[in-house]
Amino acid sequence: MRAPVYSHLTYDIVPNQWQEVNQPDILIVEGVGMSCRTAPLPHHGKAVPVVSDFFDFSLYIDADVSVLRDWYVQALF
């Protein structure tokens, strides 16, 4: 499987950079947008699969604002 590389500095996908994963025993996917998102039902009423449908389980970790601020500042420099 191939996934684009994401930059936390630009908040966008890095052009022409990919991460390849080949049948791992365990795969950890980071990103709240991917693991918690659900799709609305379309007009025809049949569910549309989203990435999170293929996860065995999701974990959400909530950090204090001060920890998030420190992480963000360190990522910039």
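FYI, the numbering just counts along the sequence from 1.
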Other than Val5, which residues form its hydrophobic cluster under the rule that side-chain heavy atoms must be closer than 4.5 Å?
Val14
Tightest non-hydrogen contact, residues Pro4 and Ile13, listed as CB-CG2, 3.5 Å
List the atom of Tyr72, the atom of Tyr11, and the distance in Å for their closest heavy-atom pair.
CE1-OH, 2.8 Å
Can you tell me how far CZ of Phe55 sits from CG of Leu27, rounded to the nearest 0.5 angstrom?
7.5 Å
Once rounded to the nearest 0.5 Å, what's the spacing between atom CE of Met1 and atom CD of Gln19?
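Met1 CE to Gln19 CD: 10.0 Å, rounded to 0.5 Å.
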Applying the 4.5 Å side-chain criterion to the ILVMFWY set and letting contacts propagate, would Trp71 and Leu9 be lumped into a single cluster?
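As far as the 4.5 Å side-chain criterion goes, Leu9 and Trp71 are connected within one cluster.
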